[in-house]
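Structure record follows, encoded as C-alpha cells.
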Amino acid sequence: MTSTTSSPGMAARDSIAGQLHARLHALEPRAERHAPEALRAFAELRRGVGHRFGDVAGADAALLGLIHFPPDEDGLPPRMTPQLGRLLDDALMVASLAAFGRPAVAPTTSASASSGRRSFGTDCRPLRATRPTAAEALFRSILGAEREDLDVHLRRAIVLLGGDGHLLDVASLVRDLGRWGYDARPVQKRWAYDFWAQSGTEFDDAPKGKT
C-alpha cells in the first residue's frame with residue numbers, strides 16, 4: 001500500500017484534473033448543439049469505458065486532445081513513466097465514464113468546487129433522495145472496492161447521476177483516484193463523510209430525569 005506522503009506527481013495530476021474538468025464542461029453545450037467535433041470527442045471517449053490508457057487508440061487520442069503537458073527540456077512532452085501511466089489510466093476512466101453517463105460537469109466557478117468542498121461523496125449525496133436504496137448499496141460497494149474494481153461501480157453511479165440530472169466534479173474524482181490506495185484511506189473517509197454526514201440542530205435522545 002502507498003503512504004500518505006505527497007509525491008512530485010501530484011502537481012501534474014492536479015493540473016491534468018483541472019484541465020480535463022474545464023474541457024469536458026466546455027464540450028457539454030457544444031454537444032447539445034450537435035457540434036460535430038464535440039459529438040466526435042464524446043463518441044471516442046465512450047470507446048474507452050472499461051479500458052486502460054493504451055488499449056483503445058481512438059479514446060487515447062480523444063483524451064490527449066483535451067489535456068496538455070508542460071514540455072521537458074527537449075521541448076517534448078514528459079517521458080512515459082509508471083506514474084504518468086497511472087494518471088492517464090485514471091483520467092481516461094473518468095473522461096470515458098463522463099462521456100458515457102453524461103452527468104452535468106460541475107461548474108468550475110461554483111462555491112463548492114472552487115473551495116475544494118466537492119468530492120464524489122458530495123456528487124452522490126443527492127442520489128440518497130432520488131434513489132435511496134440503490135445509492136446506499138452502490139456507495140458501500142464503491143468504498144469497499146480495490147482500485148482495479150472501481151470502474152464498474154463508478155460506471156453505475158455516474159449513469160445514475162446523469163439519469164437524475166446531478167453534477168459530477170471531474171477534477172476532484174481524478175485527483176482522489178491518485179490517493180485511492182493510501183494506507184490511511186483518506187479518500188474513502190472523505191467520500192463516506194460527504195455522502196452520509198448530517199448537519200442541523202444537535203439533539204439529545206437520552207432519557208430525561210424527573211424534575
Side-chain angles (χ1 to χ4, degrees), residues 9 11-72 75-81 83-110 112-114 118-120 122-124 142 147-148 150-178 180:
R13 181 174 286 268
D14 287 345
S15 173
I16 296 307
Q19 290 182 57
L20 186 60
H21 187 111
R23 294 301 299 275
L24 289 175
H25 181 66
L27 278 177
E28 284 180 339
R30 287 152 58 189
E32 291 172 0
R33 295 194 299 269
H34 302 286
E37 77 284 354
L39 294 176
R40 185 163 49 249
F42 279 130
E44 292 292 349
L45 288 172
R46 284 194 295 271
R47 298 178 189 275
V49 171
H51 295 281
R52 300 278 182 162
F53 183 84
D55 291 344
V56 182
D60 297 344
L63 174 67
L64 294 177
L66 299 177
I67 57 180
H68 298 89
F69 298 90
D72 273 348
L76 296 173
R79 291 173 174 79
M80 176 58 72
T81 63
Q83 187 176 54
L84 178 55
R86 288 191 295 271
L87 170 54
L88 291 172
D89 286 343
D90 293 343
L92 179 62
M93 181 172 73
V94 175
S96 65
L97 293 180
F100 180 76
R102 294 300 296 275
V105 177
T108 55
T109 55
S110 69
S112 56
S114 61
R118 292 197 71 92
S119 75
F120 196 66
T122 314
D123 296 341
C124 290
I142 290 172
R147 171 61 186 83
E148 58 269 21
L150 266 178
D151 177 270
V152 64
H153 300 303
L154 292 180
R155 187 187 317 180
R156 292 172 56 205
I158 289 172
V159 167
L160 292 182
L161 292 176
D164 289 0
H166 301 312
L167 298 177
L168 173 67
D169 190 322
V170 168
S172 73
L173 184 51
V174 173
R175 291 188 186 106
D176 283 348
L177 289 175
W180 189 259

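Both backbone and side-chain heavy atoms feed into the values below; hydrogens, waters and symmetry mates do not.
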Exercise. Going through the distances and angles, do R147 and M93 end up as a side chain to side chain contact (heavy atoms under 4.5 Å, CB included)?
Worked result: CA-CA 11 Å; R147 171 61 186 83; M93 181 172 73; 3.8 Å; yes
If you take all heavy atoms of [X] and [Y], which pair is closest and at what distance?
X: A41; Y: A62; answer: O-CB, 4.2 Å
X: V105; Y: H25; answer: O-ND1, 3.3 Å
X: A38; Y: A31; answer: CB-N, 3.6 Å
X: P103; Y: A98; answer: CD-O, 3.6 Å
X: A171; Y: H21; answer: N-ND1, 3.1 Å
X: P78; Y: F69; answer: CD-CB, 3.4 Å

Counting C-beta onward and ignoring hydrogens, is there a side-chain heavy-atom pair between [X] and [Y] closer than 4.5 Å?
X: L161; Y: L167; result: no
X: V94; Y: D176; result: no
X: I16; Y: L87; result: yes
X: L92; Y: R52; result: no

For this session: Applying side chain to side chain contact (heavy atoms under 4.5 Å, CB included), run through L88 and L64 and close with a yes or a no.
Result: CA-CA 9 Å; L88 291 172; L64 294 177; 4.1 Å; yes
Can you tell me how far the [atom1] atom of [X] sits from the [atom2] atom of [Y], to the nearest 0.5 Å?
X: R13; Y: Q83; atom1: CZ; atom2: CD; answer: 8.0 Å
X: F120; Y: L154; atom1: CZ; atom2: CG; answer: 5.0 Å
X: R47; Y: E44; atom1: CZ; atom2: CD; answer: 5.0 Å
X: R175; Y: L177; atom1: CZ; atom2: CG; answer: 12.0 Å

For this session: Might you work through the side chain to side chain contact (heavy atoms under 4.5 Å, CB included) test for L173 and D123, ending with a clear yes or no?
Result: CA-CA 10 Å; L173 184 51; D123 296 341; 5.9 Å; no
Problem set entry | Intermediate values then yes/no, side chain to side chain contact (heavy atoms under 4.5 Å, CB included), F53 and D90 | CA-CA 8 Å; F53 183 84; D90 293 343; over 6 Å; no
Exercise. Is it true that atom CZ of F100 has more than 12 heavy atoms of other residues, nucleotides or ligands lying nearer than 6.0 Å?
Worked result: no
Problem set entry | Sidechain-backbone polar pair: S15 side chain, A12 backbone, donor-acceptor under 3.5 Å | no
Problem set entry | Residues that L66 engages under side-chain contact (heavy atoms from CB on, under 4.5 Å), provided they are two or more places apart | L20, R23, L24, L27, L45
For this session: Can you run down the side-chain hydrogen bond (donor to acceptor under 3.5 Å, both in side chains) pairs that involve residues 27-36, sequence neighbours left out, and say none if there aren't any?
Result: R30-E37
Problem set entry | Pair R155 + D151: basic N to acidic O under 4.0 Å |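 Between D151 and R155 there is a salt bridge, with a charged N closer than 4.0 Å to a carboxylate O.
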